[in-house]
**Q** 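After the structure tokens below, expect a handful of questions from me.
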Amino acid sequence: MSLTLYGKPVAETIKEDLIQRVAALKEKNIKPKLAILRAGEELDDTAYENRILKLCQDVGIDFQVKVMIRTVPQELFEEQLIRLNNDPEIHGILVFRPLPKQLDEEKLSNLIDPAKDIDSMNPEHLKKIFIGDASRIAPCTPEAVIAILKHYNYNLTGKNVVIVNRSLVLGKPLSMLFMEENATVTVCHSKTKDLASITKNADIVVTGIGNAKFFGKEYFSDKNTVIDVGINFDEDKMCGDVAFDDVEDIVEAITPVPGGVGIVT
Ligand code: NAP
């Protein structure tokens with residue numbers, strides 16, 4: 001029977017730490033405040049937003065939400081973003097993505113103040129991650145993967161890590177974070193040959209391909225710790241990229257979906 005690496009205790013630890021850090025700032029008369037900027041009223045966005053606002057309330061962070069119409073022109077959206085950049089009472093800005101297609105994401109990413117960019121939208125952060133600058137803000141999902149492993153006392157030094165994803169939000173920054181921890185990293189993708197032989201031999205396998213239950217028994221061995229980042233739906237039920245029920249008895253440890261990486265992110 002393998003170990004299930006639940007996300008909840010990790011998230012609780014992060015929350016406790018936040019409560020203390022927010023309290024320390026308030027003692028210095030700094031009231032941390034988050035601004036959410038979004039275009040439109042997509043159902044997914046409001047559910048995500050409600051979870052964020054609840055978390056802000058729980059830890060004592062103020063917030064404001066600016067909703068623009070889905071068809072907002074680029075100039076108006078930029079104007080709002082600049083206003084938030086320049087507002088001294090706002091410490092963090094979160095722009096909801098995906099953006100509607102009339103908005104130029106690249107331009108907006110370069111416009112957001114890196115010091116307030118809590119979702120690591122500005123390429124400045126990726127550059128800093130690359131050069132190992134401690135002031136970087138890494139994208140949330142890679143940070144969550146590392147937080148889970150650290151919470152469960154994994155020493156990553158010298159570990160063979162395989163990441164199946166090469167996107168800018170996951171695989172690329174995560175490979176840098178693992179290297180910071182002295183792991184040996186292999187990044188795989190859709191053109192990788194004989195993926196199973198690579199994953200089987202890894203100490204840690206991170207999956208993030210967005211394909212429900214794609215990774216079955218044949219991809220794993222008893223030396224693997226599996227971190228499943230995928231969020232998919234199979235017959236309306238949320239599941240990861242890994243066929244959890246088939247694999248959990250084979251691997252050494254595994255994160256569930258739901259209840260794993262998502263809650264920490
Ligand atoms: P993405 O940009 O579509 O990237 C998917 C990656 O998987 C690509 O590198 C792709 O390779 C690779 N891939 C696809 N099919 C493959 C296959 N059969 N074999 C090997 N590699 C394959 O997606 P993303 O934005 O990074 O997100 C990935 C997943 O993570 C999604 O399921 C998303 O829902 C989930 N996610 C979860 C969280 C969380 O908090 N848990 C947060 C964010 C995202 P190529 O580069 O060759 O195309």
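Order of listing sets the numbers, starting from 1, for every ligand and every atom in it.
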**Q** Run the side-chain hydrogen bond (donor to acceptor under 3.5 Å, both in side chains) test against N155 and tell me which residues pass, sequence neighbours left out.
**A** T157
**Q** For ligand 1, find out whether one of its N or O atoms is nearer than 3.5 Å to an N or O atom of N165.
**A** yes
**Q** Could you check which of T265, L170, D228, L195 puts a non-hydrogen atom nearest to atom 40 (O) of ligand 1?
**A** T265
**Q** Would C188 count as a contact residue for ligand 1, given that I'm defining contact as a non-hydrogen atom of the residue lying under 4.0 Å from a ligand atom?
**A**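 Not so, C188 does not reach ligand 1.
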**Q** Among all protein heavy atoms, pick out the one at the shortest distance from atom 28 (C) of ligand 1; state its residue, atom name and that distance to 0.1 Å.
**A**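 Its nearest protein heavy-atom neighbour is G208 O, 3.2 Å.
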**Q** Distance under 4.0 Å to a non-hydrogen atom of V169: what atoms of ligand 1 satisfy this?
**A** 25 (O), 26 (O)
**Q** Who's closest to atom 39 (C) of ligand 1 heavy-atom-wise, of N211, T199, I231?
**A** I231
**Q** Quick one: look up the protein heavy atom nearest atom 47 (O) of ligand 1 and list residue, atom name and how far away it is.
**A**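 Ranked first by proximity to atom 47 (O) of ligand 1 is S190 OG, 2.5 Å.
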**Q** Looking at ligand 1, does G171 have a heavy atom less than 4.0 Å from it?
**A** no
**Q** Students should be able to answer this: which protein heavy-atom is nearest to atom 1 (P) of ligand 1, and at what distance?
**A** S167 CB, 4.3 Å
**Q** When you measure from atom 42 (C) of ligand 1 to every protein heavy atom, which one gives the shortest distance, and what is it?
**A**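 The closest one turns out to be T141 OG1, 3.1 Å.
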**Q** If you measure every N or O of V229 against every N or O of ligand 1, does any of those distances drop under 3.5 Å?
**A**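 So ligand 1 has an N or O lying under 3.5 Å from an N or O of V229.
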**Q** Got a sec, which pairs hit side chain to side chain donor-acceptor pair (under 3.5 Å) with one end in residues 242-254, sequence neighbours left out?
**A**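 Found none.
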**Q** Numbering the atoms of ligand 1 from 1, which are under 4.0 Å from a heavy atom of V164?
**A** 20 (C), 21 (N)
**Q** Could you find the nearest protein heavy atom to atom 12 (C) of ligand 1 and give me its residue, atom name and distance?
**A**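 Nearest protein contact, heavy atoms only, for atom 12 (C) of ligand 1 is I209 CG2, 4.0 Å.
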